[in-house]
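Every chain is numbered from 1 and lettered A, B, ... according to where its sequence line falls, protein lines coming before strand lines. Since the model is a prediction, treat every value here as computed from it, not as a measurement.
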2 protein chains.
Amino acid sequence: MGRRPAFDRASIARATLELVSEGGPRAATIGAIAARLGAPTGSIYHRYPSRELLLAELWLSVVERFNVGFLAVLAGADAKEAGPAAARFWASWTREHPIEARVFLLHRHEDFVPGEWPDAVHERAQRALAAMADGLRAYTRRRFGGASAANLRRVRFAVIDVPQGTLKRYVQAAKPPPAQIDELIDTAVRAVLDAQERGLRRA
Amino acid sequence: MGRRPAFDRASIARATLELVSEGGPRAATIGAIAARLGAPTGSIYHRYPSRELLLAELWLSVVERFNVGFLAVLAGADAKEAGPAAARFWASWTREHPIEARVFLLHRHEDFVPGEWPDAVHERAQRALAAMADGLRAYTRRRFGGASAANLRRVRFAVIDVPQGTLKRYVQAAKPPPAQIDELIDTAVRAVLDAQERGLRRA
DNA sequence: GGCGAATTAGAATATGGGTTCTAGAACACG
DNA sequence: CGTGTTCTAGAACCCATATTCTAATTCGCC
């Protein structure tokens, strides 16, 4: 009962993803999304209540998918190896998901959702944040015995800041990161995580 | 001959800097800048021909000032120490210039100047880019004897990507980075720069 | 085949923000 | 003190974009 839909949520989300990847969130205007689909602007609003919510869901879905893979690696059995592996995960994820990587690594959520998160996705956003925080805390405890602020900072530095800061350059240039990058990340991360133990032993 | 100016370029630039620091480039609308100065919107255009050029000059002046300090440290006499020192420079600069750091670390130039640089500042932008590239190449040669692509990547990773990726977190939170951060950066950077030599010796 | 819900289609509306325009004010200089 | 020039002041204009509204279309179902 009713007309067959021509533009579903998935294709709208896909077009938005591509536009953001190519030109950032500013490029994903309702008009541009509609034009890419060959749809009239009004049709977008049959699927999404507002541009803000469309962009918020896009951002969240990319972050959630990254988190799943990343946190799985970070929870790997060997605590000594899981950290470096999680850091290297950034590079492989970037190679496998170049479009999503541009969304995730080149923009902050504020560029998508200025101010507060809309109610409709607020809880989802909190969950994503909490999942990451929990994963880091769990790994820190596993690796160092306790999750002091200093230990947490060390882990965050190693498994997030270093790889993220490094890969942005290649994602920006739309080139897959060279294999050497994985080595550099690995070297830096091991040095930082092992340094804590040397420090403890010395103390 | 003529009326005494009430709003000069410096105060307009300052207001713009503050607005960008607080809310990103999007917040620096002509209206907001004028409101902060208690000026009418039209007055901005007596000093700057367009918003685009105002933002472009703001970005460039911050980058140029950072570059001067950074490249001076990177050119320090002791080649072994200059790299780690340059990496740590990011942290101290961030502590000393929190406002500018938010402009420099939280946004890319595309957020200020979408597309090509305006003619009026194009050459200045090129100069800033070239200065950084030259400094990195010179250091790479000094430290490793040659500036191969791999060596250059190693240096860029150590003295730019690692510190930049790390500090963003604290700049974003508007908190001065804790002293531990300097240690983490130092450890990671030394490990990566020294690893090249170990690799060479083995070969 | 006709009814009605779901949808397309795209014009109309509203708003925000950059830029320009006109009028008036202030100050240096003769 | 008048005069010209440089500026303030702020309204007016214009365009891009999000959102809404109305009409037309399609298709399952009776």
Side-chain angles (χ1 to χ4, degrees), chain A residues 1-16 18-20 22-59 107 110-121, chain B residues 1-16 18-20 22-59 107 110-121:
Chain A
M1 34 155 109
R3 183 170 174 173
R4 177 180 306 156
F7 311 104
D8 59 0
R9 284 173 71 94
S11 53
I12 292 172
R14 180 71 200 171
T16 308
E18 290 171 5
L19 283 165
V20 171
E22 291 161 18
R26 295 179 342 115
T29 67
I30 296 287
I33 297 166
R36 173 154 304 212
L37 292 169
T41 63
S43 294
I44 308 296
Y45 288 91
H46 282 271
R47 299 281 172 258
Y48 289 93
S50 71
R51 177 176 180 272
E52 180 183 43
L53 211 56
L54 166 54
L55 288 181
E57 292 199 4
L58 172 62
W59 173 257
H107 309 282
E110 289 92 337
D111 299 331
F112 290 81
V113 185
E116 280 304 296
W117 283 87
D119 285 347
V121 292
Chain B
M1 35 153 106
R3 182 171 174 173
R4 176 181 304 156
F7 311 104
D8 59 0
R9 283 174 71 94
S11 53
I12 292 171
R14 179 72 200 171
T16 308
E18 290 171 3
L19 283 165
V20 171
E22 292 161 17
R26 297 179 340 118
T29 67
I30 295 288
I33 297 166
R36 173 153 304 211
L37 291 169
T41 64
S43 294
I44 310 295
Y45 288 91
H46 281 272
R47 299 283 171 255
Y48 289 92
S50 70
R51 176 176 181 271
E52 179 183 43
L53 211 57
L54 166 55
L55 287 182
E57 293 199 4
L58 172 62
W59 173 256
H107 309 281
E110 289 92 336
D111 299 330
F112 290 81
V113 186
E116 281 305 296
W117 284 87
D119 284 348
V121 292

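The A/F7 side chain lies nearest to C/dA9 when the options are D/dG10, C/dA9, C/dG24. Each of C/dT19, D/dG10, D/dC7 was ranked by its minimum atom distance to the side chain of B/P40; first place goes to D/dG10. Side-chain proximity of A/T29 to the nucleotides D/dA18, C/dG18, D/dC7 is greatest for D/dA18.
Comparing A/G42 and A/R47 against DNA chain C, the residue whose closest nucleotide sits nearer the 5' end is A/R47.
What separates CD of B/E52 from P of C/dG17 is a distance of 18 Å, to the nearest Å. Atom CZ in A/R9 sits about 16 Å away from atom C1' in C/dT7, given to the nearest Å. One atom, CG of A/L19, and another, P of D/dT17, lie 12 Å apart when rounded to the nearest Å. The distance from atom CG of B/L53 to atom P of C/dG18 is 15 Å, rounded to the nearest whole Å. Whole-Å rounding puts the A/I30 CD1 to C/dA9 P distance at 16 Å. Look at OH on B/Y45: it is 17 Å from P on D/dA11, rounded to the nearest Å. Protein atom CD1 of B/I44 is 13 Å distant from nucleotide atom P of D/dG10, rounded to whole Å. The nearest whole Å value for the distance from the OH atom in A/Y48 to the C1' atom in D/dT19 is 17 Å.
From B/L58, atom CG reaches atom CD1 of B/I12 across 12.5 Å, with rounding to the nearest 0.5 Å. Rounded to the nearest 0.5 angstrom, B/L37 CG and B/R14 CZ are separated by 11.5 Å.
Residue A/R51 has a polar side-chain atom (N or O) positioned under 4.0 Å from OP1 or OP2 of D/dA18. Regarding contacts with the backbone of C/dT7, every side-chain N or O of A/R4 stays at 4.0 angstrom or more from both OP1 and OP2.
Within 6.0 Å of CZ in A/R26 there are 12 or fewer heavy atoms belonging to other residues, nucleotides or ligands.
Looking at A/I30 and A/Y45, their side chains come closer than 4.5 Å, going by heavy atoms from C-beta outward. For the pair B/R47/B/F7, no side-chain contact is recorded, criterion being any heavy-atom separation below 4.5 Å from C-beta on.
Across all strands, A/T41 comes closer than 4.0 Å to base atoms (heavy-atom distances).
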